[in-house]
Amino acid sequence: MRTTLELTTRPPFDFAGTAYSHGWVVLAPNDWDEQRQVLRRVERLGTGKVVSLRVRGPGNARTAGIAVEVESPKRLAKKETEEIARKVGHMFRLDEDLSRFYRECRRRGGHWNRVTKGLGRLLRSPSVFEDVVKTIATTNVQWGGTKKMIAGLTAAYGEPMPGDGLRRAFPTPEAIASAKPKGFAASVRMGYRAPYVHALARQVASGALDLESLHDPERPTSELKKRLLSIKGIGNYAAATLLMLLGRYDDLPVDTVCRDFVTKKYFGGKPPADAEIQRVYEDWGHWKYLAYWFDVWAGIK
DNA sequence: GTCCAGGTCGCGC
DNA sequence: GCGCGACATGGA
């Protein structure tokens with residue numbers, strides 16, 4: 001059974017640039033068809049139904065906006081299609097207004113002008129839980145290892161797409177929590193991170209920890225950061241990454257990559273103190289993280 | 001075989 | 001508060 005949904009975007013919007021903004025598009029259960037410029041993903045809905053999604057950009061389908069092709073074993077209820085639209089919209093941050101960031105980019109000119117053509121919406125997951133797990137899987141490991149860990153986790157604990165046992169949704173906290181810690185660690189090969197992920201899943205599944213409540217515009221970034229840092233496996237770098245995924249760009253992760261880049265570009269190779277690094281992007285105000293991100297990437301691409 | 005990865009934890013000072 | 005070793009795993 002096939003259904004197509006359409007999501008309206010506010011131009012400028014660069015679909016491929018958004019999908020491939022950082023590595024998330026190739027972490028299971030996402031994958032990216034480069035030739036067709038399509039993001040594929042298996043998603044488990046609140047009703048328990050597992051569906052397969054094919055997401056295309058504006059102008060890459062018969063729709064004016066983002067087209068979401070849904071493959072489902074049975075006809076979808078209205079609330080299910082609404083859930084899909086909400087989740088995909090969340091992944092592509094269709095609710096974020098970047099016009100002030102673009103204005104600042106235009107003011108500076110040069111390579112910053114590239115960003116204003118619809119970049120800046122760094123892809124995220126439908127749930128904070130998925131993003132926290134994925135972020136933990138990026139620490140102290142190379143990118144190939146991250147991909148492998150997340151693929152293994154999804155293969156072991158994700159619900160299969162009916163009729164296609166190979167493709168699975170991202171595991172629910174409940175599925176992970178119900179596994180025995182030892183068996184979990186042995187099957188997912190996440191190394192010393194496995195206990196962190198398992199404990200996190202248990203807390204979320206039991207209701208002791210409400211990660212989704214981190215989407216709270218009323219709370220200051222510093223408070224959200226504190227809550228993130230209290231999660232085992234989340235340190236300074238991971239917290240800053242998660243704040244970015246939550247739409248908070250006013251915290252900069254001063255990690256090895258950041259330090260190397262800034263030292264080279266702004267300090268002539270002489271390593272500055274961390275406070276000096278923060279100061280480089282200080283005048284970007286609430287857009288620090290995005291400024292740093294595109295300072296690194298827009299110069300290359 | 002050895003090193004180390006977009007780090008983080010828990011300890012000792 | 002800050003410095004330091006340990007930490008699972010697999011690719012280079």
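Values reported hereafter were calculated over all heavy atoms of this structure, with side chains retained and with hydrogens, waters and symmetry mates removed. Labels below follow one simple rule: chain letters A, B, ... track the order of the sequence lines, proteins then strands, and each chain is numbered from 1.
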message: On the nucleotide B/dG7, are OP1 or OP2 found under 4.0 Å from the side-chain N or O atoms that A/T256 carries?
response: yes

- request: Determine, using ring centers only, whether A/Y249 and A/Y292 are less than 6.0 Å apart.
  value: no

- request: Give one of base, sugar-phosphate or nothing for A/Y289, where a contact means two heavy atoms less than 4.0 Å apart.
  value: nothing

message: I need the CD-P distance between A/Q142 and B/dC4, as an integer number of Å.
response: 11 Å

query: To the nearest Å, how far apart are A/I231 CD1 and B/dG7 P?
result: 19 Å

query: Can you check the A/K147 NZ to B/dG6 P distance for me, whole Å?
result: 13 Å

- prompt: Which residues, if any, of residues 176-193 of chain A bring a heavy atom under 4.0 Å of DNA chain C?
  reply: A/R189, A/G191, A/Y192, A/R193

query: CG of A/N236 versus C1' of C/dC2: gap in Å, rounded?
result: 14 Å

query: Hey, which of these two, A/V257 or A/I234, hits DNA chain B nearer its 5' end, going by closest nucleotide?
result: A/V257

task: Rounded to the nearest 0.5 Å, what's the gap from CZ on A/R41 to OG on A/S52? Could you check?
output: 11.0 Å

- request: Considering only NZ, NE, NH1 and NH2 on the basic side and carboxylate oxygens on the acidic side, decide whether A/K78 and A/E82 come within less than 4.0 Å.
  value: yes

task: Hey, which sits more toward the 5' end of DNA chain C by its nearest nucleotide, A/N140 or A/G144?
output: A/N140

- request: Between B/dG6 and C/dA6, how far apart are the P atoms? Round to whole Å, please.
  value: 22 Å

field: Nearest-Å distance for atom pair CE/C1', residues A/M149 and B/dG6
entry: 12 Å

query: Ring centroid separation for A/W112 and A/W287, is it under 6.0 angstrom?
result: no

- request: Applying salt bridge (Lys or Arg N to Asp or Glu O under 4.0 Å) between A/E104 and each of A/R100, A/R106, A/R108, report the one that passes.
  value: A/R108

field: Carboxylate-amine/guanidinium proximity below 4.0 Å for A/K79 and A/E83
entry: no

- prompt: How far does the P atom of B/dC11 sit from the matching atom of C/dA8, given to the nearest Å?
  reply: 15 Å

query: Expressed in angstrom and rounded to an integer, what is the separation of A/K232 atom NZ from C/dC7 atom P?
result: 17 Å

message: I need the CG-P distance between A/L200 and B/dT8, as an integer number of Å.
response: 15 Å

query: Thinking salt bridges, do A/E276 and A/R279 make one under a 4.0 Å N-O criterion?
result: yes

message: I need the CH2-P distance between A/W24 and B/dG6, as an integer number of Å.
response: 13 Å

message: Please classify the nucleic acid contact of A/G233 as base, sugar-phosphate, or nothing, using heavy-atom distances under 4.0 Å.
response: sugar-phosphate

